[in-house]
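Note that this is a predicted model, so its numbers are computed, not measured.
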Amino acid sequence: MEKQLGENHPDVATSLNNLAGLYYAQGKYAEAEPLYQRAIAILLATLGENHPNTQTVMMNYYLMLSQLPDDELNQRFDPETVEMLHNLR
C-alpha cells in the first residue's frame, strides 16, 4: 500500500493504526507504540489535528498508554499527562 499511495498517505496511517490496534489487543505495547506514533504524524501532516481520523488515532494511542504500569507512566510523562491517562482507565 505504501508503494502505491506513498508513505505519507492517510490510508497508510489507517493501516498503521489498525496494525497497532492488533498489537495493543495482544498486549504488545512496545510494537504498537511506534505504529501509533507514525500514524499520528502522517495524519497531523495531511489532515490536521482536528480531523476526526486524527482524533481517533490519537485516542487509540492514549488508551494504549493508559494501560502501561504507573511507574512507566510517571517516568515518561509529566503529572498532568499521567492524570489524563489514568482518567482513561
Side-chain angles (χ1 to χ4, degrees):
M1 177 179 283
E2 271 184 86
K3 288 183 181 184
Q4 295 169 339
L5 300 175
E7 64 182 24
N8 292 319
H9 193 281
D11 288 348
V12 172
T14 299
S15 293
L16 292 168
N17 176 66
N18 292 341
L19 182 56
L22 175 64
Y23 284 141
Y24 167 46
Q26 295 173 343
K28 297 179 180 180
Y29 304 145
E31 289 88 347
E33 185 166 12
L35 299 176
Y36 279 131
Q37 291 171 335
R38 184 160 168 237
I40 291 167
I42 292 169
L43 293 172
L44 286 172
T46 57
L47 302 179
E49 183 177 356
N50 295 322
H51 192 279
N53 292 2
T54 307
Q55 292 292 311
T56 297
V57 176
M58 290 174 70
M59 183 55 70
N60 291 343
Y61 179 51
Y62 295 150
L63 288 169
M64 185 211 66
L65 290 175
S66 75
Q67 301 306 304
L68 296 175
D70 287 343
D71 289 344
E72 185 174 348
L73 291 176
N74 289 322
Q75 288 175 359
R76 292 180 56 185
F77 302 104
D78 62 79
E80 293 157 359
T81 302
V82 171
E83 182 179 349
M84 183 268 300
L85 294 171
H86 280 164
N87 289 334
L88 294 175
R89 291 181 174 173

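Atom CG of residue L35 and atom CG of residue L22 lie 10.0 Å apart, to the nearest 0.5 angstrom. In this structure, OH in Y62 is found 8.5 Å from CG in L85, a value given to the nearest 0.5 Å. The CG atom of N50 sits 8.5 Å away from atom OG1 of T54, with the distance rounded to the nearest 0.5 Å. Taken to the nearest 0.5 Å, the CG atom of L43 stands 6.5 Å off from the OG1 atom of T14. With rounding to the nearest 0.5 angstrom, the CE atom of M58 is 12.0 Å from the CG atom of L63. With rounding to the nearest 0.5 angstrom, the CG atom of D11 is 12.0 Å from the CG atom of N17.
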Q: Kindly indicate, with the supporting measurements, whether the criterion side chain to side chain contact (heavy atoms under 4.5 Å, CB included) is fulfilled by E33 and L65.
A: CA-CA 8 Å; E33 185 166 12; L65 290 175; 3.9 Å; yes
**Q.** Worked verdict on M59 versus L88 for side chain to side chain contact (heavy atoms under 4.5 Å, CB included)
**A.** CA-CA 9 Å; M59 183 55 70; L88 294 175; 4.1 Å; yes
Q.
For Y29 and Y24: C-alpha separation, side-chain torsions, deciding distance, then whether ring pair (Phe, Tyr, Trp, His ring centres under 6.0 Å) applies.
A. CA-CA 5 Å; Y29 304 145; Y24 167 46; 5.8 Å; yes
(Q) As a quick check of understanding, evaluate side-chain hydrogen bond (donor to acceptor under 3.5 Å, both in side chains) for D78 and T81, giving each step before the final call. (A) CA-CA 5 Å; D78 62 79; T81 302; 3.0 Å; yes
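In terms of heavy-atom proximity, E7 sits nearest to R38 at O-NH2, 3.6 Å. Listed here is the closest heavy atom pair of A13 and A39: O-CB, 3.5 Å. Pairing each heavy atom of L73 with each of L68, the nearest pair is CD1-O, 3.7 Å. In terms of heavy-atom proximity, A32 sits nearest to A20 at CB-O, 3.4 Å.
Hydrophobic cluster membership is shared by Y61 and L44, with clusters built from Ile, Leu, Val, Met, Phe, Trp and Tyr side chains linked at under 4.5 angstrom. Hydrophobic clustering of Ile, Leu, Val, Met, Phe, Trp and Tyr side chains at less than 4.5 Å, counting indirect connections, keeps I40 apart from L16.
Counting non-hydrogen atoms of other residues, nucleotides and ligands closer than 6.0 Å to CZ of F77 gives a total above 12. Counting non-hydrogen atoms of neighbouring residues, nucleotides and ligands closer than 6.0 angstrom, the CD atom of E80 reaches no more than 12 such neighbours.
Remark: the backbone N or O of I42 is paired with a side-chain donor or acceptor of T46 at under 3.5 angstrom. In this structure, the side chain of N87 engages the main chain of E83 through a donor-acceptor pair within 3.5 Å. Distance alone, capped at 3.5 Å, places no donor-acceptor pair between the S66 side chain and the H86 backbone. Put simply, the side chain of Q55 gets close to the backbone of E49: a donor and an acceptor are under 3.5 Å apart.
The salt bridge (charged side-chain N to carboxylate O under 4.0 Å, His left out) test applied to E72 returns R76, not counting sequence neighbours.
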